[in-house]
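The next block holds one structure in the form of structure tokens; read it before the comments.
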Amino acid sequence: MIEELLFIRQEVAPELIAGLWMSIQLIIPSAVCGLLIGIVIGTLRVYGSPGLKGFAGIYVLFFRGFPLLVQLYLWYFGLPRIGIYLSPFAASVIGFSLCSGAYQSEYIRGALQSIRKGQLLAAYSIGFSHTRAIFSILLPQAVRRALPGCGNELIYLIKYSSLAYMVTCIELTGKGSILANFHFKYLEIFIIVGAIYLLLVSVVSVGLNYLEDRIAVPGFDRPKI
Amino acid sequence: MPEGIIVIGENLSYILGGLWVTVAVVGGALSMGLGLGLLLALGQVYGNRLLQRIVGVYVWFFRGIPLLVLLFIFYFGLLSALEIDLSPFTVSIVVLGLISSAYQSQIIRGAILSLPEGQFKAARSLGMSDTRAILFIILPQALRLSIPGWANEYTIIMKDSAVTYALGVTEILARSRHVAERTYQHFWIYILAGCIFLVLTYIGTKLLQRLEEKVRISGYAH
């Protein structure tokens, strides 16, 4: 037992922490880009011109419809055939961002549509332009309303970041797999890897709940799910 | 581009051969998830406090760990530790089924909780036992309400089934990879694979929508 713990501490922990760091480096840019893409696409789907609406609709159809793993393969193995070479890390971040953006856009779209039409009209009537009304009046409300959904999507992103290993970006799952093969201890190491993800997901969901409470506008009732 | 189309034409039937594996994995996982998820939901709603806690931990566990890691835990870890011999195909169905049961339990739980409490009380007051009230009054309504949630769950499991390729299950993505490596037409082959999944999710959600209309009780708006 003592030997096991010593082994974990000396051989396993440093590697897994490096892997976790890599996972975090994958997750944070993907989450930020995904949210930005989601806000743009979601807004276009509601308030864009017909052409832009169509484009946004097709974007969502394909990036939500293709399995994420297929998308990653497309970026990592597919693009070099047309002359674009991406590192495993870049391919993963691009793949996660684009896919996450499609999901986020649906939450933003739903939130925008749930805001009463009078808000937009009132903004017009006090002299806001269309664009300013959307950015200063509608989106601040919509993003707050979309937060529970967007937070869920972040949790999914954390879990799906493990797929980066399939395009040879060695993050937490990848490190775990290498260690497990090397030391021939599959069960122990993968359980530790699983526990790390579980911890990460739990911490993030507690943080998201806190954030929801913090940015709530007093007086605006907020459906608690 | 024309080269890509020729390769697709030549290999389409080989890739579509994986269709049955994908459909079997998804079908197996969803049915297992439904059976188990139903029990979990009932446990969480009607069970005593201990049972509720156990279900809560189960759901937290299977919703918090990535599919890929669970596949590795089960296939490389548990099977050799317990000295059981199962094919990657079976392990994939079991793992996807366990994950899906955690999600489906929450869909069904939400549906049960959304029913007015009076339904259960009325059934009891007519002399039905708890079990009968749940089986004949609550579940027929709750399961109908769960169909939109299932449609979502179906699309998620359909897309996640591509990950089972990591264990070597020869589903659509695995076969696409074989073809792509042989012909060097990765780009077009993966577009094709994605489109096959897109069509599968589309057909499934349409069928579930039709089921939803078919089992709707006319005049009963919840």
Side-chain angles (χ1 to χ4, degrees), chain A residues 23 61-84 99 103 152 155-166 172-174 176-177 180-181 184-205 225, chain B residues 1 3-4 22 60-82 99 110 155-166 171-174 176-177 180-181 183-202 205:
Chain A
S23 288
L61 175 71
F62 278 99
F63 286 97
R64 277 184 63 197
F66 279 27
L68 180 54
L69 192 52
V70 173
Q71 294 182 33
L72 289 177
Y73 275 12
L74 206 51
W75 302 131
Y76 186 65
F77 296 114
L79 285 188
R81 309 296 147 187
I82 54 174
I84 303 169
C99 180
Y103 283 94
N152 250 337
I155 305 260
Y156 272 102
L157 185 63
I158 293 173
K159 290 193 290 166
Y160 279 119
S161 72
S162 61
L163 294 186
Y165 167 54
M166 301 290 288
L172 183 52
T173 312
S177 192
N181 282 318
F184 223 70
K185 287 187 184 300
Y186 293 95
L187 189 62
E188 298 88 333
I189 289 177
F190 283 127
I191 284 185
I192 297 174
V193 170
I196 296 176
Y197 277 108
L198 210 51
L199 187 72
L200 203 58
V201 164
S202 307
V203 168
V204 169
S205 59
I225 302 164
Chain B
M1 164 109 185
E3 216 183 314
T22 295
W60 169 75
F61 184 84
F62 282 104
R63 291 211 301 190
I65 297 184
L67 168 61
L68 189 60
V69 177
L70 276 176
L71 284 173
F72 286 167
I73 291 179
F74 275 75
Y75 188 67
F76 297 117
L78 275 182
L79 288 193
S80 55
L82 302 173
I99 294 179
T155 62
I156 292 172
I157 294 291
M158 175 56 83
K159 284 181 281 172
D160 277 358
S161 74
V163 179
T164 63
Y165 156 63
E171 42 70 73
I172 292 168
L173 183 60
S176 306
R177 181 99 201 252
E181 308 248 283
T183 62
Y184 288 102
Q185 290 293 335
H186 290 73
F187 187 76
W188 295 109
I189 293 294
Y190 290 135
I191 295 255
L192 171 72
C195 288
I196 296 174
F197 279 103
L198 198 62
V199 170
L200 285 175
T201 43
Y202 181 79
T205 39

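Numbers restart at 1 for each chain; the letters A, B, ... are given by sequence-line order, proteins then strands.
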### Task
Please work out which of the three classes, parallel, tilted or perpendicular, describes the rings of A:F77 and B:Y190, given edges at 30° and 60°.
tilted
### Task
Answer with side chain, backbone, both or neither: which region of B:I73 has an atom nearer than 4.5 Å to a non-hydrogen atom of chain A?
both
### Summary
On a heavy-atom basis, the closest approach of A:R81 and B:H186 is NE-ND1, 3.1 Å
### Task
Between chain B and each of A:L172, A:I189, A:I196, A:T173, count heavy-atom pairs under 4.5 Å; write down the option with the most.
A:T173
### Task
Give, for atom CD1 of B:I189 and atom OH of A:Y73, the distance between the pair rounded to the nearest 0.5 Å.
14.5 Å
### Message
Can you classify the ring geometry of A:F190 versus B:F72 as parallel (below 30°), tilted (30 to 60°) or perpendicular (above 60°)?
### Response
tilted
### Query
At what distance, to the nearest 0.5 angstrom, does CZ of A:R64 lie from OG1 of B:T155?
7.0 Å
### Summary
Honestly, the part of A:L74 sitting under 4.5 Å from a heavy atom of chain B is both
### Task
Select, from A:V201, A:V70, A:L61, the one with the greatest count of heavy-atom pairs under 4.5 Å involving chain B.
A:V70
### Message
For the interface with chain B, which of A:F62, A:Y186, A:W75, A:Y165 has the highest count of heavy-atom pairs at distances below 4.5 Å?
### Response
A:Y186
### Query
Any idea which of B:E181, B:M158, B:Q185, B:R177 has the most non-hydrogen atom pairs under 4.5 angstrom with chain A?
B:R177
### Summary
CG (B:L78) and CD1 (A:I191) are apart, to the nearest 0.5 Å, by 6.5 Å
### Task
Heavy-atom distances under 4.5 Å only: say whether B:A81 touches chain A with side chain, backbone, both or neither.
side chain
### A:F66 versus B:G194, closest heavy-atom pair with distance
CE1-C, 3.3 Å
### Message
Quick check for you: among B:I156, B:L79, B:V163, which has the greatest number of heavy-atom pairs under 4.5 Å with chain A?
### Response
B:V163
## Note on the structure
The interface call for B:I191 against chain A, heavy-atom contacts under 4.5 Å, is both
### Query
Of the listed residues (B:T201, B:L173, B:I196), which shares the most heavy-atom pairs with chain A below a 4.5 Å separation?
B:L173
### Query
chain A heavy atoms under 4.5 Å from B:Y202: which part of the residue, side chain, backbone, both or neither?
neither
### Message
Looking at every non-hydrogen atom in both residues, tell me the closest pair between A:M166 and B:A166 and how far apart they are.
### Response
CE-CB, 3.6 Å
### Exercise: identify the closest heavy-atom pair between B:Y165 and A:L69
CD2-CD2, 4.5 Å
#### Entry: Close side-chain approach of A:S202 and B:W60, heavy atoms under 4.5 Å
yes
#### Entry: Segment of B:Y184 engaging chain A (4.5 angstrom heavy-atom cut-off)
both
### Query
How many angstroms lie between SG in A:C99 and NZ in B:K159, if you round to the nearest 0.5 Å?
6.5 Å
